[in-house]
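A short worksheet on the structure shown next.
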Amino acid sequence: RVDVHRGSALDLPFPDGSFDVAWMQNVGMNIEDKRRLYEEVRRVLKAGGRFAFQEMAAGEAATTYFPLPWATDPAHNFLTSPGEMRERLARCGVVAEYFQDVSHAPLPPPPDGTPESAPQAPLSLSVFVEDLALKADNAARNLREGRIRLVRGVFRAA
């Protein structure tokens, strides 16, 4: 009951107005051309369709602790601020129904003397992300220091 399609988020292999819902989780920070990304999402949504996402966003200060789960160095870090994200989405013809910075919620402070990341289960992101524990620790530190933000949103196609 599930069809898997291989393609690029910048050139989705679907006709205009194909979907009632598009969902993206932790993808946009890997894509430099945000304008094209959001245009493609809007293009494949039906009028009134919804785009839901969770993404990392740029914080107040520069992201300085690398490697990260999505970027081994600054040259591969394509974060934009939450404000810029909202503006670009609006320009593509979607209206915010929900948009919230949830940076405070995902990571409770670690107990003293323990690493930021929990041990990885045998089948986890560590299968796909090399050095995940180090990258997760760096992400947690950037998040804690306000260098990155975690945002969630639901936008409706106009």
Side-chain angles (χ1 to χ4, degrees), residues 4 7-10 12 19 21-42 44-45 49-157:
V4 176
S8 168
L10 302 179
L12 294 171
F19 298 98
V21 176
W23 169 55
M24 191 169 74
Q25 184 172 343
N26 299 330
V27 173
M29 64 260 206
N30 296 300
I31 299 174
E32 186 172 17
D33 189 351
K34 302 285 193 271
R35 180 191 57 79
R36 183 72 182 146
L37 171 64
Y38 298 147
E39 285 174 350
E40 276 296 280
V41 169
R42 172 57 190 100
V44 300
L45 283 175
R50 289 184 169 72
F51 171 45
F53 61 89
Q54 172 179 288
E55 293 292 328
M56 300 306 298
E60 296 293 319
T63 306
T64 56
Y65 307 111
F66 288 90
L68 293 163
W70 63 89
T72 55
D73 59 60
H76 300 109
N77 187 38
F78 303 121
L79 301 182
T80 59
S81 72
E84 186 176 357
M85 191 181 293
R86 276 187 81 135
E87 288 175 24
R88 286 182 182 195
L89 282 160
R91 279 186 254 141
C92 291
V94 293
V95 178
E97 291 186 340
Y98 168 83
F99 188 81
Q100 187 171 7
D101 183 327
V102 294
S103 301
H104 63 283
L107 299 172
D112 289 342
T114 62
E116 296 276 357
S117 57
Q120 297 300 311
L123 185 56
S124 71
L125 281 178
S126 61
V127 172
F128 304 103
V129 180
E130 187 176 310
D131 297 325
L132 181 60
L134 170 63
K135 292 174 179 180
D137 287 346
N138 286 339
R141 185 173 180 188
N142 280 303
L143 188 61
R144 196 173 51 251
E145 294 180 10
R147 297 173 186 279
I148 60 176
R149 311 303 302 158
L150 179 62
V151 296
R152 292 182 182 145
V154 177
F155 285 66
R156 182 181 36 80

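Heads up: numbering here begins at 1 and tracks the sequence. Everything numeric here is computed off the predicted structure, so don't read it as measured data.
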Over 60° means perpendicular and under 30° means parallel, so tell me whether Phe155 and Phe99 are parallel, tilted or perpendicular. perpendicular
Flag, side chain of Glu55 to backbone of Val27, donor-acceptor distance under 3.5 Å: yes
Arg149 side chain reached by Met56 side chain, heavy atoms, under 4.5 Å: no
For Arg147 against Ala62, the heavy-atom pair lying closest together: NH1-O, 2.9 Å
Is the side chain of Ser81 donor-acceptor paired with the backbone N or O of Ala58 at a distance under 3.5 Å, no angle test? no
A side-chain contact here means heavy atoms from C-beta on lying under 4.5 Å apart; do Trp70 and Leu79 qualify? yes
Heavy-atom count around Glu60 CD within 6.0 Å, excluding the residue itself: above 12? no
For a quick test of reading the model, state the closest non-hydrogen atom pair linking Leu143 to Leu150 and the distance between them. CD1-N, 4.1 Å
Closest approach of Ala139 to Ile148 (non-hydrogen atoms, all atoms of both residues): O-CD1, 3.5 Å
What one should report as the nearest heavy-atom pair of Ala136 and Pro69 is N-CG, 4.3 Å
Measuring only between side-chain heavy atoms, which start at C-beta, is Val129 closer than 4.5 Å to Lys135? yes
Tyr38/Arg88 under side chain to side chain donor-acceptor pair (under 3.5 Å): CA gap, chis, key distance, verdict: CA-CA 7 Å; Tyr38 298 147; Arg88 286 182 182 195; over 6 Å; no
Under a 3.5 Å distance rule, please check whether Lys34 uses its side chain to pair with a backbone N or O of Met85 as donor and acceptor. no
Is there side-chain contact between Phe51 and Leu89, with heavy atoms separated by less than 4.5 Å? yes
Where Leu10 and Ile31 come nearest, the two heavy atoms and their spacing: CD2-CG2, 3.7 Å
Asn142 side chain near Leu68 side chain, heavy-atom distance below 4.5 Å: yes
Hey, does the side chain of Arg141 reach the backbone of Arg144 with a donor-acceptor pair shorter than 3.5 angstrom? no
Atom CD of Glu145 with >12 non-hydrogen neighbours under 6.0 angstrom: yes
Would you mind telling me which of Glu39, Arg36, Glu40, Glu87 makes a side chain to side chain contact (heavy atoms under 4.5 Å, CB included) with Cys92? Glu39
Are a donor atom and an acceptor atom from the side chains of Gln54 and Arg152 found within less than 3.5 Å of each other? yes
Could you report the tightest heavy-atom contact between Asn138 and Pro67, atom names first, then the distance? ND2-O, 2.9 Å
Are Glu97 and Arg50 close enough, and set up right, to give a side chain to side chain contact (heavy atoms under 4.5 Å, CB included), and what steps lead you there? CA-CA 9 Å; Glu97 291 186 340; Arg50 289 184 169 72; 2.7 Å; yes
Given Phe66 and Asn77, is the side chain to side chain contact (heavy atoms under 4.5 Å, CB included) satisfied, shown in steps? CA-CA 10 Å; Phe66 288 90; Asn77 187 38; 3.9 Å; yes
